[in-house]
Amino acid sequence: MRGTRSQSPWGLLYTLLTLLSFLFFSEATEQLPLGPPADATPKRVAIIGAGAGRSFAAYELRKLAKSAKIPLNITIYERESYIGGRSTTVDAFDDPEYPTELGASIFVQVNANLVNASREFGLGVQSASNDRPDETEESLGIWDGKDFVFTVKSGSTWLNLGRLIWRYGLAPLWTQNLMKKIVGKFLNLYEEPLFPFRSLTEAAAAVNLLNVTAASGTEFLSANGISSRFAREIIQASTRVNYGQNLPLIHGLESMVCMATDGAVSIDGGNWQIFEGAVKASKANVHLNTAVTDIVRGDDGSVHITSKSTLGVDGSESSETGFDEVILAGPLQYSGISISPPLEHVPDEVPYVKLHVTLLASPHRISPAFFNRHSSKEIPESILTTLPEDLDLGSNPHGVGPAGFWSISTLRTVMRTVVKKGQEQQEQHYVYKIFSPERPTAEFVADILGLDWSHDKGPVSTPKVNTSIGDLPQSDISWFHEKFWHPYPLLYPRVTFEEIRLAPGVWYTSGIESFISTMETSALMGRNVAALVVQSWQNRKDEKGDDRSRERSEL
Ligand SMILES: Cc1cc2nc3c(=O)[nH]c(=O)nc-3n(C[C@H](O)[C@H](O)[C@H](O)COP(=O)(O)OP(=O)(O)OC[C@H]3O[C@@H](n4cnc5c(N)ncnc54)[C@H](O)[C@@H]3O)c2cc1C
Ligand SMILES: *[C@@H]1O[C@H](CO)[C@@H](O)[C@H](O)[C@H]1NC(C)=O
Ligand SMILES: *[C@@H]1O[C@H](CO)[C@@H](O)[C@H](O)[C@H]1NC(C)=O
Ligand SMILES: *[C@@H]1O[C@H](CO)[C@@H](O)[C@H](O)[C@H]1NC(C)=O
Ligand SMILES: *[C@@H]1O[C@H](CO)[C@@H](O)[C@H](O)[C@H]1NC(C)=O
């Protein structure tokens with residue numbers, strides 16, 4: 001579960017998972033290149049977007065081309081001003097001392113691509129909840145809109161384990177075993193003979209995961225004998241904080257991935273540094289603030305790319321021609337790229353979750369009154385949510401329910417100098433992160449923090465219908481940052497996944513998001529595409545070689 005302490009009962013329950021971890025590293029020993037023949041023209045690859053997927057595609061392409069001695073020239077286009085895509089930080093209080101994840105925040109020990117790369121790039125890894133203030137009696141609570149259905153007490157492992165078994169029996173252990181089995185199947189995709197895979201559908205079938213993605217979380221868990229109480233209160237709290245979805249909607253595989261949390265970490269200073277490291281290692285030419293608008297596929301198989309600067313009102317246009325391959329941005333539906341002639345396989349539009357991430361700082365603790373409790377000490381530092389028992393969401397299986405938000409967590413404390421009654425003084429402020437399906441209103445934030453505020457206060461008596469956090473006084477909200485994301489797809493049960501090669505020379509990494517949507521799986525698909533691209537070059541070379549030997553024998 002995101003943001004729980006490694007010493008927490010989750011940690012204890014999930015230590016079995018470490019069997020699956022890749023904890024031993026060694027520098028990949030690469031052959032020294034002999035250098036390309038002087039006349040060889042480099043293969044030219046255009047990569048659109050510099051998030052997890054394509055930065056790893058670039059990184060792997062460089063590695064493979066080097067060992068196959070294929071000269072290579074990579075160009076990356078990124079419409080944002082930064083590398084990392086959905087993995088990015090903002091600085092709390094606009095102070096570089098406090099970088100805070102705005103998108104993807106954690107990865108886990110089984111995520112070998114990210115773990116290995118962070119080691120290779122010399123990045124510091126920290127426990128995902130490193131900066132938590134640890135001031136309350138409970139570190140984690142699961143709120144159903146009315147009550148905390150389960151809480152984790154700070155620092156008492158055995159007590160927590162007892163409470164867990166008391167409430168759920170052995171369901172936590174069965175879940176753990178089931179998750180290990182599923183993760184074990186998934187990890188086969190990392191290795192020969194399956195890796196690299198041309199079709200994710202076929203690869204998923206080969207590792208027997210299609211019947212896991214075919215079922216909803218609810219169906220999959222009940223078929224495997226997991227009690228509905230444990231599923232609703234614990235597993236669903238996890239699918240909600242991780243994917244903004246409830247178990248009747250999200251498929252069985254992703255529900256299990258949410259329970260694979262052993263060794264949850266993040267990179268000191270921001271996870272985006274892994275992807276920056278990958279881009280650097282790829283030696284690509286990087287064009288930031290540059291959005292690709294058009295792709296034209298020539299008759300000779302070469303690709304022509306038109307891009308536009310995203311700086312200024314009327315960004316200048318430029319184009320480059322003669323690429324051998326292009327790796328498309330994803331999700332394609334949000335990329336604004338037109339492709340002609342049309343692709344052989346056009347990725348289906350996939351519905352995405354709409355998520356508001358709100359970071360805010362305040363001298364106030366979370367209000368006990370909001371959660372029907374007496375003192376701040378009783379409010380868990382991380383609050384996840386679930387649906388109450390017997391609530392029928394009807395036709396809206398992805399509704400947030402009476403809780404109204406997916407999660408609220410206390411990230412850290414920061415000492416601030418404030419002026420009160422003309423006196424400078426030090427004041428402790430808390431930095432919070434809220435995940436919600438709607439933009440939080442001023443009323444909601446005021447209620448959560450127990451502020452005495454309402455929109456009809458002040459000289460203007462007409463009520464403001466559309467208040468937001470910015471309407472609250474700076475003395476109560478000392479800093480905030482709001483971001484709307486399309487973070488991950490709605491993970492409906494399905495048995496087919498998007499093609500990887502969309503046309504000759506045109507590749508797509510984002511189909512994997514409907515299978516498992518994480519930084520790691522995007523990185524895996526990026527490497528997979530790189531391996532397929534290099535394979536296709538080698539096959540073509542072999543074919544040419546065969547042609548030549550045939551010609552020779554005919555002579
Ligand atoms: C709030 C949030 C929380 C999350 N939490 C986690 C988590 O804890 N752990 C985890 O593993 N995952 C998490 N995820 C999911 C994770 O961020 C994504 O699965 C992963 O980062 C996707 O990487 P990607 O490279 O496939 O796509 P992206 O990161 O979206 O990269 C695509 C890039 O393409 C660029 N682009 C698009 N169109 C164009 C164009 N026309 N021209 C040029 N550039 C273009 C975009 O600007 C972007 O940089 C979270 C996501 C969000 C938003
Ligand atoms: C990670 O590193 C380990 C140890 O060097 C290696 O065995 C494994 O194949 C690597 N995995 C990936 C996905 O890079
Ligand atoms: C790569 O291609 C670009 C043109 O897109 C060119 O400017 C650059 O010099 C090339 N780099 C190498 C190392 O060949
Ligand atoms: C799913 O596939 C696995 C194959 O490994 C099998 O053990 C299991 O019975 C299958 N489940 C269903 C519901 O078909
Ligand atoms: C509320 O405000 C936001 C931005 O401040 C705006 O985008 C939205 O359209 C407004 N909604 C209504 C109902 O006025």
Side-chain angles (χ1 to χ4, degrees), residues 1-2 4 9-10 12-14 16-17 20 108 110 140 142-145 149-150 152 161 163-187 204 207-262 264 353 384-394 396-401 403 406-407 488-495 514-518 521:
M1 203 167 293
R2 181 174 305 166
T4 51
W10 311 114
L12 189 77
L13 276 170
Y14 301 141
L16 290 177
L17 187 62
L20 294 169
V108 294
V110 277
L140 179 93
I142 294 162
W143 172 251
D144 72 357
V149 292
F150 191 75
V152 175
L161 192 60
R163 284 155 46 84
L164 198 65
I165 290 171
W166 178 254
R167 189 164 176 88
Y168 304 110
L170 291 180
L173 278 180
W174 303 146
T175 303
Q176 182 68 14
N177 284 342
L178 188 60
M179 179 275 290
K180 276 187 347 182
K181 231 166 50 191
I182 301 296
V183 170
K185 289 180 181 186
F186 163 72
L187 289 177
V207 297
N208 288 318
L209 283 176
L210 283 189
N211 65 6
V212 184
T213 59
S216 71
T218 307
E219 289 161 354
F220 179 74
L221 293 166
S222 97
N224 283 281
I226 307 296
S227 73
S228 62
R229 177 184 262 189
F230 186 71
R232 185 183 65 255
E233 295 183 357
I234 303 292
I235 306 178
Q236 184 161 268
S238 190
T239 60
R240 285 163 64 96
V241 64
N242 283 305
Y243 292 110
Q245 290 160 68
N246 296 310
L247 284 173
L249 182 151
I250 193 170
H251 60 61
L253 178 60
E254 198 71 291
S255 310
M256 283 290 101
V257 165
C258 288
M259 299 309 287
T261 57
D262 200 58
V353 170
L384 311 184
T385 62
T386 191
L387 298 172
E389 200 176 355
D390 300 329
L391 177 80
D392 184 8
L393 283 175
N396 187 16
H398 41 87
V400 70
W406 303 118
S407 64
Y488 10 71
L490 286 171
L491 292 144
Y492 290 108
R494 56 190 290 162
V495 291
S514 299
F515 183 68
I516 300 175
S517 178
T518 58
T521 40

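You'll find the side chain of Asn224 stays beyond 4.5 Å of the side chain of Trp174, heavy atoms only. Between Phe230 and Ile235 there is a side-chain heavy-atom pair separated by less than 4.5 Å. The shortest side-chain heavy-atom distance between Pro489 and Ser517 falls under the 4.5 Å cut-off. In this structure, the side chains of Asn246 and Thr239 stay at 4.5 Å or more apart for every pair of heavy atoms. The side-chain heavy atoms of Leu387 and Asp144, taken from C-beta on, include no pair separated by under 4.5 Å. Looking at heavy atoms from C-beta onward, Met256 lies in side-chain contact with Leu178 at the 4.5 angstrom threshold. Taking the side chain as every heavy atom from C-beta outward, Val257 and Phe186 never approach each other to under 4.5 Å. Side-chain atoms of Leu221 and Leu247, non-hydrogen and from C-beta on, do get closer than 4.5 Å to each other.
Between the side chains of Arg232 and Thr386, no donor N or O sits under 3.5 Å from an acceptor N or O.
Put simply, the side chain of Glu254 never gets that close to the backbone of Leu491: no donor and acceptor are under 3.5 Å apart. Under the 3.5 Å distance criterion, the side-chain polar atoms of Asn208 are left unmatched by any main-chain donor or acceptor of Lys185. Between the side chain of Arg240 and the backbone N or O of Val400, at least one donor-acceptor pair lies under 3.5 Å. Of the possible donor and acceptor atoms, one in the side chain of Thr213 sits under 3.5 Å from a partner among the backbone N and O of Arg494. A distance-only check finds no donor-acceptor pair linking the side chain of Ser216 to the backbone of Ile250 [under 3.5 Å]. Proximity of a side-chain donor or acceptor of Gln245 to a complementary backbone N or O of Gln236 within less than 3.5 Å is not detected. Ser407 places no side-chain N or O within donor-acceptor distance of the main-chain N or O of Val241, the cut-off being under 3.5 Å. Judged by distance alone, the side chain of His251 and the main-chain N or O of Phe220 form no donor-acceptor pair under 3.5 Å. Distance alone, capped at 3.5 Å, is enough to place a donor-acceptor pair between the Thr385 side chain and the Trp406 backbone.
Glu233 has a carboxylate O that lies under 4.0 Å from a charged side-chain N of Arg167, or vice versa, which qualifies the two as a salt bridge.
Between Tyr243 and Tyr488, the ring-plane angle classifies as perpendicular under the 30° and 60° cut-offs.
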